[in-house]
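Report on the following structure.
Quick note: numbers below take in every heavy atom, side chains included, and nothing from hydrogens, waters or symmetry partners. Just so you know, ligand 1 is whichever comes first in the structure, and atom 1 is the first atom listed for that ligand.
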Amino acid sequence: MGVQAIRRDYSLSGGNRDAVELDGDRITGRIDDQWWKPKLSRQQMREIMRRRDGPGLWHFGLWFVLLGLSAYLAYISWGTLWAIPAFLVYGTIYTSADSRWHESGHGTPFRTRWLNEFVYAIASFIAIREAYLWRWSHSRHHTHTYFVGRDPEIQVQRPADLIKLLMDFFYLRSGPPEVWRLIRNACGRPNPDVRDFVPERDLQRMYWSSRVHVAIYCAFIVWSITIGSILPMMFVLLPRFYGGWLQQLLSLPQHAGLGEDTYDHRENTRTIYVNPVFAFLYVNMQYHLEHHAMPMTPFHALPKLHEAVKDQMPPPYTSLWQAYKELIPALIKQATGDPDYRVIRPIPNDPETEVVETNAPVESSGEWLKVGPVEDIEEEEVIRLDQGSRTFAVYRLKGDRYYATDGLCTHEYAYLADGLVIDGVIECPLHNGRFDIATGRALSAPACDHLETYPVERRGNSLYVRIS
Ligand code: FES
């Protein structure tokens with residue numbers, strides 16, 4: 001006899017569980033500490049996270065060229081049978097903007113900030129992922145990956161609805177609700193889930209950005225109606241639907257059929273080897289487990305990260321076929337009587353030696369805390385300094401300039417010493433919020449509140465921080 005499949009409540013009823021537990025002012029627990037993390041030395045992490053413009057310019061430049069070229073071929077083939085393959089190619093490249101939205105939303109493809117933001121704005125529009133809404137949604141996804149009631153981006157909800165999953169190969173399940181959500185936001189009437197994860201300060205911006213998206217889509221619809229041809233809409237909006245097959249093929253196995261409510265990405269995320277064309281269109285997101293384990297890794301460094309940590313991960317799937325061979329029966333089981341079924345992945349034992357480095361003050365004198373010898377911090381680097389229940393970040397910038405700030409990000413309390421120093425800015429390792437190191441000013445969402453800064457003095461060969 002079949003078991004009654006009871007749908008879990010995937011609305012954000014669980015709320016944004018505080019990122020920290022507090023005892024008075026003292027932080028006694030952090031969500032980020034509960035997540036499993038790969039063991040890498042700071043040197044390895046620094047090398048892997050390093051930002052460069054070159055690979056991004058190459059990659060995204062080629063993508064824009066391919067998009068333009070395929071659009072031209074589609075246009076000149078209109079009215080012939082060649083239009084079918086031509087538009088299929090164009091729609092597939094167009095929809096792969098979704099992966100560009102994702103990568104640039106993390107702020108990782110380019111070292112130059114405005115290049116990330118430029119690509120993000122264009123890709124958000126093409127992929128129908130309004131920029132403000134999805135930046136907040138995705139940061140929540142990374143904090144609470146596949147926690148029911150907290151993660152707004154659980155793609156396959158149990159029990160799996162197979163018809164809907166198939167419909168999404170043409171964006172027919174997720175597309176219309178997404179367009180409706182965009183319209184609601186343009187009207188200033190977000191649904192409760194959106195209200196839950198977009199902070200008040202960004203609501204007006206989200207409304208205006210949504211209005212711009214809706215206005216452009218409407219212009220193309222009116223254009224099509226006016227000339228009595230669907231052709232304009234075949235280039236904007238509709239490609240996200242008719243060209244959605246590859247995006248769904250690649251993204252469905254990211255988490256589907258795996259665990260929920262676990263603090264180990266190895267139990268809820270897959271890495272799958274794919275061919276170079278798919279890897280290009282997917283911006284290397286086939287290394288999805290590595291991406292979740294270290295979201296600051298630029299797309300071009302993901303293969304390197306994979307090599308560095310693969311002994312700590314479950315074996316990768318050698319092909320999409322291998323992943324689907326596991327995924328399809330799992331989803332059928334969930335849909336037809338065993339909604340709690342999940343695939344269990346083999347998890348290797350962690351290496352015995354902990355190689356992640358932290359720093360503790362050597363000694364203190366009054367309000368001044370001795371950090372240690374100057375050589376302990378490399379140029380353009382940051383170290384963590386713990387004093388009792390307090391954590392600081394101490395930086396060395398070019399030209400022997402030293403600074404100190406609070407050591408925890410003001411968004412969800414990630415250790416800033418695990419982040420990246422770029423041109424006088426510290427970028428948070430969790431959601432890429434950015435702070436000016438000298439002033440502590442929050443520069444970009446989701447970091448909104450500023451950091452405290454503290455004076456640093458060099459005495460001889462030692463550094464001191466004044467902590468009060
Ligand atoms: S913890 Fe979210 S930006 Fe730092």
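Using a cut-off of 2.8 Å, one finds that Cys428 contributes no N/O/S atom close to atom 2 (Fe) of ligand 1. Not one N/O/S atom of His411, from backbone or side chain, sits under 2.8 Å from atom 4 (Fe) of ligand 1.
Counting the atoms of ligand 1 from 1 in the order shown, those under 4.0 Å from a heavy atom of Gly433 are 3 (S). Against a heavy-atom cut-off of under 4.0 Å, Cys409 is close to the following atoms of ligand 1: 1 (S), 3 (S), 4 (Fe).
Pro446 counts as a contact of ligand 1, since one of its heavy atoms falls under 4.0 Å from the ligand.
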Which is it for Arg158 and Glu260 under the salt bridge (charged side-chain N to carboxylate O under 4.0 Å, His left out) test, yes or no, and what are the steps along the way? CA-CA 10 Å; Arg158 296 191 211 154; Glu260 289 176 344; 3.8 Å; yes

Does the salt bridge (charged side-chain N to carboxylate O under 4.0 Å, His left out) test come out yes or no for Glu178 and Arg173, once each step is laid out? CA-CA 9 Å; Glu178 189 55 42; Arg173 175 192 75 128; over 6 Å; no

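Between Glu290 and Lys310, none of the side-chain N atoms (NZ, or NE/NH1/NH2) sits under 4.0 Å from a carboxylate O, so this pair counts as no salt bridge.
A pairwise comparison of heavy atoms in Trp101 and Ala123 identifies N-CB, 3.4 Å as the closest pair.
Using cut-offs of 30° and 60° on the angle between ring planes, the pair His291 and His288 is tilted.
Closest to atom 2 (Fe) of ligand 1 among the N, O or S atoms of His431 is ND1.
With rounding to the nearest 0.5 angstrom, the CD1 atom of Ile422 is 4.0 Å from the CG atom of Leu420.
For atom 1 (S) of ligand 1, the closest non-hydrogen atom on the protein side is Glu412 N, 3.2 Å.
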